[in-house]
Amino acid sequence: MSGITIIAVLVLSGVVVGIINTLAGGGSIISMTLFMVLGLPVGVANGTNRIAVVLQNLTSSVAFLRKRMLDVRSGIKLSIPAVVGNIAGSMVATHISDTVFKICMSVVLTVVLVYMIFDRSHKHPHIHGGHPLQLKFYHYIWFLLLGFYGGYIYIGLGYAVLAVAIWSMKLDIITANVVKCFMIFVATPFSLAIFMLNGQVDYTYGLWHGLGNVIGAVFASHFAMAWGVKFVRYFTLIILLICFADLVGLLSLQDILHSLLTMF
């Protein structure tokens with residue numbers, strides 16, 4: 001592929017990933033797979049992906065703040081333990097075992113999928129966004145663990161945050177997404193810095209893909225409220241099922257992306 005074609009693929013895929021990650025999560029599976037199909041080692045793909053993650057979640061957080069959906073004080077309180085965990089996770093992320101990755105992803109996706117299928121709180125949705133959260137001590141422990149997972153693997157972190165925010169904090173899915181975006185935005189730069197120091201970041205791929213993520217995040221965060229809780233819930237379920245199908249071998253995102261790239 002030519003350089004221009006690669007740039008176009010990075011930006012367009014970034015738009016899709018930005019929409020998915022803002023409304024649900026799991027889009028980084030596409031990013032990581034794409035980077036590896038383009039020839040990046042898994043460690044470099046893991047580090048490069050975090051450029052787009054920071055840009056996308058910064059964009060989403062600013063948009064949610066303007067819509068008064070984000071309570072910054074609550075977000076910062078939850079982000080502090082997440083930063084600590086993120087740094088620790090990144091420091092042990094020099095080698096990612098495929099087995100560990102699949103186990104972690106399988107557990108996270110299964111828990112969130114089962115919860116969202118059987119949860120009935122969406123029948124009478126109440127959007128909490130913009131109001132201070134009622135935080136308990138165990139919420140900080142949860143976000144410390146989430147930060148560690150995000151620093152180590154990151155893929156699936158969005159779903160893990162949604163699970164904790166919806167189940168433990170009793171938030172609607174839109175507010176849970178707001179909390180997710182802000183926490184990931186605050187915590188991820190620390191792990192990105194560690195990957196940068198270890199020379200595991202491709203800045204060209206990361207920035208072009210990040211541009212697409214920003215566009216997707218602007219679009220998704222702008223329309224999230226208009227689409228409503230029900231739409232976001234079903235959108236999340238669809239993406240969850242696709243990610244789960246990839247994990248258990250019912251489909252292969254890597255083969256799909258490889259086939260699409262060979263068309264250019």
Side-chain angles (χ1 to χ4, degrees), residues 14-15 17-28 31-32 46-90 93 129-130 132-133 135 139-140 142-165 169 171 173-196 201 203 206-207 209-222 224-225 232:
V15 173
V17 171
I19 293 173
I20 292 173
N21 280 343
T22 300
L23 294 181
S28 287
S31 300
M32 287 280 290
N46 194 12
T48 302
N49 177 51
R50 295 168 197 249
I51 294 178
V53 169
V54 173
L55 294 175
Q56 177 248 306
N57 285 286
L58 167 61
T59 304
S60 300
S61 295
V62 170
F64 286 132
L65 182 62
R66 288 179 175 175
K67 291 179 177 295
R68 298 182 179 180
M69 287 292 297
L70 172 64
D71 180 68
V72 177
R73 180 173 297 181
S74 298
I76 291 176
K77 288 179 179 179
L78 292 172
S79 297
I80 291 174
V83 167
V84 175
N86 203 267
I87 294 173
S90 300
L133 303 178
L135 301 177
H139 293 143
Y140 299 107
W142 272 117
F143 274 76
L144 176 68
L145 297 174
L146 289 170
F148 182 87
Y149 178 81
Y152 181 53
I153 296 178
Y154 181 78
I155 295 179
L157 174 62
Y159 288 129
V161 177
L162 288 180
V164 170
M169 303 171 70
L171 299 179
I173 194 168
I174 292 181
T175 305
N177 268 301
V178 173
V179 172
K180 176 200 72 180
C181 290
F182 185 75
M183 183 277 275
I184 293 176
F185 158 62
V186 174
T188 304
F190 294 89
S191 62
L192 173 60
I194 292 174
F195 278 95
M196 291 169 64
V201 175
Y203 297 98
L207 289 171
H209 193 61
L211 173 62
N213 271 250
V214 168
I215 297 171
V218 169
F219 179 83
S221 56
H222 179 73
M225 283 291 292
V232 176

Within a strict 4.5 Å, meaning less than it, do heavy atoms of the Met32 and Thr48 side chains meet? no

Carefully, step by step, assess Leu133 and Leu78 under the rule side chain to side chain contact (heavy atoms under 4.5 Å, CB included). CA-CA 10 Å; Leu133 303 178; Leu78 292 172; 4.2 Å; yes

4.5 Å side-chain heavy-atom contact, Asn177 and Leu162: yes

Taking all heavy atoms of Phe195 and all of Gly151, pick out the closest pair and write down the distance. CE1-O, 4.2 Å

What's the shortest heavy-atom distance between Ile194 and Ser90, and which atoms? CD1-CB, 3.6 Å

Gly27 backbone acceptor or donor facing Asn21 side chain under 3.5 Å: yes

Side-chain donor-acceptor pairs under 3.5 Å in residues 183-193, sequence neighbours left out?
residue: Thr188; atom: OG1; partner: Ile184; partner atom: O; Å: 2.6
residue: Ser191; atom: OG; partner: Arg50; partner atom: NH1; Å: 3.1
residue: Ser191; atom: OG; partner: Asn86; partner atom: OD1; Å: 2.9
residue: Ser191; atom: OG; partner: Thr188; partner atom: O; Å: 2.9

With rounding to the nearest 0.5 angstrom, report the OH to CD1 distance, Tyr203 to Ile51. 6.5 Å

Can you name the closest pair of heavy atoms from Thr22 and Ser60 and give their distance? OG1-OG, 3.1 Å

Heavy-atom side-chain proximity of Leu55 to Asn213 below 4.5 angstrom: no

Verify, without hydrogens or angle tests, whether Lys180 (side chain) and Leu157 (backbone) share a donor-acceptor contact under 3.5 angstrom. no

Atom pair CD1/CD of Ile20 and Gln56 - distance to nearest 0.5 Å: 10.5 Å

To the nearest 0.5 Å, what is the distance between CD1 (Ile215) and OG1 (Thr59)? 10.0 Å

Drop me the distance from Asn57's CG to Phe182's CZ, to the nearest 0.5 angstrom. 11.0 Å

Quick one: side chain to side chain donor-acceptor pair (under 3.5 Å) partners of Ser79, sequence neighbours excluded? none

Check whether any side-chain heavy atom of Val179 lies under 4.5 Å from a side-chain heavy atom of Phe143, and answer yes or no. yes

Search all heavy atoms of Ala160 against all heavy atoms of Leu146 and return the closest pair with its distance. CB-CD2, 3.4 Å

Closest non-hydrogen contact found for Ser28 with Asn49 is OG-ND2, 3.2 Å

